[in-house]
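Throughout, protein chains are lettered first and strands after them, A, B, ... in sequence-line order, and every chain is numbered starting at 1.
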Amino acid sequence: MIDINLIRQDPEAVRQALAKRQFEVDFFELLSWDAERRTLISQGDELRSKRNRVSDQIPAMKRQGLDVSSVLAEMKAVSDQIKEIDSRLTEIEAQIKQFLDSLPNMPDDDVVAGGKERNEVVRVWGELPQFDFPAKDHIELALSLGLVDYERGAKLGGNGFWIYTGKGARLEWALLNYFVEAHLADGYEFILPPHILTYDCGYTAGQFPKFSEDVFHIEADEGRGFQQFLLPTAETALVNLHRDEILQESDLPKRYFAYTPCYRREAGSYRAQERGMIRGHQFNKVELFQYTRPEDSAAALEEMIHKAERLVQGLGLHHRVSKLAAADVSASMAKTYDIEVWIPSMKEYKEVSSASNAKDFQARRGGMRFRRQATGKTELVHTLNASGLATSRLFPAILEQCQQADGSVVVPEPLRKWTGVDVIR
RNA sequence: GGAGAGAUGGCUGAGUUGGUCGAAAGCGCUCGACUCGAAAUCGAGUAGGCGGUUCCCGCCUCCUGGGUUCGAAUCCCAGUCUCUCCGCCA
C-alpha cells in the first residue's frame with residue numbers, strides 16, 4: 001500500500017511514478033475523501049471529548065443530589081450525533097482503503113518506464129550451448145530416461161500436473177538439497193510454513209483483493225466465501241511471519257528461506273510451447289526472504305540476486321540476469337531482477353528466479369515495523385524476496401543443456417552427492 | 001467430531017454488583033544515583049494507532065465485529081483463536 005501522506009503531499013510525483021507502469025490514476029476524488037475524513041474525525045473527537053468530560057461529572061452531580069435528566073438527554077443527543085458521524089466515517093474509510101488497495105507499488109527511481117520490451121539485460125553468464133547432434137527437448141529426455149510421468153500426473157491431478165519418478169525425483173530432490181545447504185551456509189534461517197494460508201496473509205503479500213483469481217481457494221463450510229487458500233509461493237507465508245509485530249532494530253536484517261511447493265491456477269495461460277515442466281499448477285521452489293531497515297534494502301536486493309545467480313552458476317547453466325522495466329515488475333514490488341535460464345528447445349530464456357524489493361509496500365499492509373534505536377520511534381521495515389530457486393524450471397534446463405549424443409544427461413557436479421550418479425542414462 | 005475453560009500492556013497477572021481503569025502489582029527493559037567496576041539497593045521512565053493550531057492537545061484500542069447505556073475491560077449477541085479432557089489419527 002502506498003503511503004497516503006505521500007499522495008497528500010505530492011500527488012503529482014506519485015502519479016508520475018505509477019505512470020511508469022502504464023498505470024493511470026487521478027487522485028482528485030481520493031483527496032476529497034481524505035479531507036472529508038479528517039473533518040469527520042475532528043468533529044467526532046470533539047463530541048467524544050465533550051461526552052467524556054460530562055460523563056465523568058455525572059456521578060458527582062448525582063452524589064450532590066442534582067437533577068441530571070436534562071444532562072442525560074443532552075448527552076444522548078451527542079451520542080446520536082457521534083453515531084451518525086461514525087457511520088459516514090466508516091463508509092468513507094472503506095472507500096479510501098479500496099482505492100489505496102487498488103494501487104500498485106511505486107517503481108524505484110532507477111527503474112525505467114515501460115513494459116517487458118524495456119527490460120534490460122544486465123549480465124549474461126556462460127555460453128549458448130551448441131550441440132553437434134540432434135538435441136532433444138526436455139520432454140523427450142524426461143520420458144526416455146523415465147524421469148517424469150505426465151500421463152499418470154494428469155490421471156492423478158488433472159491437466160497441468162506431472163509426477164517425478166525414480167531418478168527424476170532424485171534429481172528434483174537433489175536441487176532442493178543443494179539450495180537448502182547453500183542458504184544454511186549463508187546463515188539464513190530455515191522455515192517450513194503451512195501451505196494453506198488465511199485471507200489476511202494474501203492481503204499483506206498484495207495478492208488480495210486484486211489477484212485473487214490466481215490462487216486455489218479453499219471454500220469455507222457454509223458459503224461464507226473463501227477463508228483460506230493454497231500458497232502460490234512461500235513468499236506469501238514468509239511476509240506474514242512478522243505481521244503486526246514491532247521488531248528490534250538489532251534483530252534486523254531477518255533472513256529466512258523456505259521450501260514449499262507453489263500452487264497456482266495459471267488460468268488461461270496455457271500455451272502449447274509450454275508443455276512439459278515449464279508451467280504447471282504445482283511446482284517446487286525454495287524462497288529467500290528478508291526484513292531490513294529502509295536504508296539497507298537496496299544492498300539486500302543485490303545480495304539476494306547474487307546469491308541466486310551463484311546457485312545457477314554452480315549448476316553450470318547458461319543464463320542471464322535482467323532488470324525489469326516498471327510495467328513488468330509485479331504490483332507489490334518497487335524493483336525486480338529476474339534470472340532467466342536458457343531452454344535450448346524453446347530458444348528462449350525462462351525465469352528461474354525473481355528477486356524483488358517491496359520496500360515498505362507490504363510492511364504497510366501488514367503492519368511490520370521496527371523500533372529505531374536512535375529515536376525510539378517505530379518505522380516500517382522493508383521486505384524483499386527472491387526465489388532461490390524454482391527447481392521445476394531448472395529441471396528442464398538441466399536436461400536440455402546437459403544432454404549428450406547418446407540421450408544421457410550429465411548431472412551437474414553439486415547435485416551428484418544426492419542423485420547418486422554422475423550421468424543419468 | 002463431542003465436552004469444558006480462557007483471551008487484559010514486552011512477559012506474569014489483578015480488575016466482571018458498569019462511572020478518576022489505558023488499566024494495580026510483580027518481572028523485564030531504559031536512564032540516573034551509589035560503586036574503581038559490577039551485583040544488590042534507591043529514584044524516574046517504559047503500549048500502539050489516528051487527528052490537530054505537532055516539543056503540546058484531543059480521540060481510539062483491555063481477541064475481533066455489532067448492541068445496550070449519558071458512560072463498557074466490566075452487561076448482551078455473533079465470530080475468531082488458544083488450552084484441557086474424550087474420540088480419531090501420520
Side-chain angles (χ1 to χ4, degrees), chain A residues 1-9 30-97 99-100 192-204 208 218-229 237 240-252 254 360 363-381:
Chain A
M1 180 179 284
I2 295 178
D3 186 1
I4 192 168
N5 292 306
L6 207 60
I7 299 173
R8 205 182 284 149
Q9 284 158 22
L30 176 71
L31 291 171
S32 79
W33 293 336
D34 181 52
E36 185 181 350
R37 168 175 178 269
R38 284 183 291 163
T39 305
L40 290 170
I41 287 174
S42 292
Q43 290 173 350
D45 281 358
E46 214 167 294
L47 290 171
R48 261 184 259 271
S49 177
K50 177 177 182 182
R51 184 180 68 186
N52 290 344
R53 220 174 327 112
V54 175
S55 288
D56 282 351
Q57 292 164 356
I58 287 174
M61 294 169 73
K62 278 183 173 170
R63 245 178 280 122
Q64 291 166 27
L66 297 172
D67 176 21
V68 294
S69 58
S70 67
V71 181
L72 296 191
E74 192 194 342
M75 287 307 107
K76 172 70 177 162
V78 169
S79 277
D80 289 345
Q81 279 181 62
I82 291 173
K83 265 179 199 157
E84 259 174 60
I85 289 172
D86 280 354
S87 71
R88 174 61 189 151
L89 194 58
T90 305
E91 215 173 277
I92 208 156
E93 287 188 331
Q95 283 178 315
I96 291 171
K97 182 173 183 310
F99 188 96
L100 292 175
L192 291 172
H195 299 178
I196 293 176
L197 301 174
T198 64
Y199 181 92
D200 288 342
C201 293
Y203 176 80
T204 300
F208 307 141
I218 294 171
E219 291 301 327
D221 300 331
E222 311 108 31
R224 282 185 306 176
F226 82 100
Q227 307 286 312
Q228 294 171 307
F229 63 100
N240 281 280
L241 228 43
H242 296 295
R243 169 152 49 91
D244 292 321
E245 290 182 21
I246 299 172
L247 300 168
Q248 296 299 314
E249 185 176 3
S250 56
D251 289 341
L252 298 177
K254 286 262 186 204
D360 65 11
R364 183 168 292 106
R365 291 170 85 95
M368 286 92 81
R369 293 150 294 166
F370 75 101
R371 191 175 304 284
R372 174 82 67 181
Q373 195 87 47
T375 61
K377 295 254 163 63
T378 60
E379 291 177 41
L380 294 169
V381 298

Output the rounded distance in Å from [atom1] ([X]) to [atom2] ([N]).
| X | N | atom1 | atom2 | result |
| --- | --- | --- | --- | --- |
| A:Lys377 | B:G49 | NZ | P | 10 Å |
| A:Lys62 | B:U20 | NZ | C1' | 16 Å |
| A:Ile85 | B:G58 | CD1 | P | 19 Å |
| A:Met368 | B:G48 | CE | P | 18 Å |
| A:Asn5 | B:G49 | CG | P | 13 Å |
| A:Leu40 | B:G52 | CG | P | 12 Å |
| A:Arg48 | B:C57 | CZ | P | 20 Å |
| A:Asp56 | B:U20 | CG | P | 7 Å |

With a 4.0 Å cut-off on heavy atoms, is [X] in touch with a base, just the backbone sugar-phosphate, or nothing at all?
| X | result |
| --- | --- |
| A:Ile58 | base |
| A:Arg364 | nothing |
| A:Arg53 | nothing |

From A:Gln64 CD over to A:Gln57 CD, what is the distance, rounded to the nearest 0.5 angstrom? 10.5 Å

Side-chain donor-acceptor contact under 3.5 Å, A:Asp67 with A:Ser69: yes

Looking at [X], I'd like to know whether one of its side-chain N or O atoms comes within less than 4.0 Å of OP1 or OP2 on [N].
| X | N | answer |
| --- | --- | --- |
| A:Lys83 | B:U68 | yes |
| A:Asn52 | B:G71 | no |
| A:Arg51 | B:G71 | yes |
| A:Arg37 | B:G51 | yes |
| A:Arg8 | B:G51 | yes |
| A:Ser79 | B:U68 | no |
| A:Arg369 | B:G48 | no |

For [N], the Watson-Crick or wobble partner whose two distances fall under 3.5 Å:
| N | answer |
| --- | --- |
| B:C89 | none |
| B:G65 | B:C77 |
| B:C29 | B:G45 |
| B:A14 | none |
| B:A3 | B:U84 |
| B:U20 | none |
| B:C55 | none |
| B:U35 | none |

Using atom types as modelled and distance alone, determine if a side-chain donor or acceptor of A:Ser49 lies under 3.5 Å from a backbone N or O of A:Asp45. no

Quote, to the nearest angstrom, the [atom1] distance that separates [N] from [M].
| N | M | atom1 | result |
| --- | --- | --- | --- |
| B:G13 | B:C27 | P | 16 Å |
| B:G2 | B:G9 | C1' | 36 Å |
| B:G65 | B:A72 | C1' | 15 Å |
| B:C59 | B:A40 | C1' | 44 Å |
| B:C21 | B:A3 | C1' | 35 Å |
| B:C55 | B:G45 | P | 22 Å |
| B:A24 | B:C76 | C1' | 28 Å |
| B:A14 | B:G67 | C1' | 28 Å |

Heavy-atom nearest pair, A:Arg371 first then A:Glu249, reads O-CB, 3.3 Å

Quick one: closest heavy-atom pair of A:Arg372 and A:Glu379, and the distance? NE-OE2, 2.7 Å

Which of B:G51, B:C70, B:G48 is nearest the side chain of A:Ile246? It is B:G48

Should the ring pair A:Phe99 and A:Trp33 be called parallel, tilted or perpendicular, given that the plane angle runs from 0 to 90° and is split at 30 and 60? perpendicular

The answer to which of A:Ser42 and A:Val71 contacts RNA chain B further toward the 5' end, by nearest nucleotide, is A:Ser42

When A:Leu72 and A:Asp45 are each assigned the nearest nucleotide of RNA chain B, the 5'-most assignment goes to A:Asp45

Report the C-alpha distance between A:Phe208 and A:Phe229 in whole Å, list the side-chain angles of each, state the deciding distance to 0.1 Å, and finish with yes or no for ring pair (Phe, Tyr, Trp, His ring centres under 6.0 Å). CA-CA 11 Å; A:Phe208 307 141; A:Phe229 63 100; 4.8 Å; yes

Apply salt bridge (Lys or Arg N to Asp or Glu O under 4.0 Å) to the pair A:Asp360 and A:Arg365, showing each step before the final yes or no. CA-CA 9 Å; A:Asp360 65 11; A:Arg365 291 170 85 95; over 6 Å; no

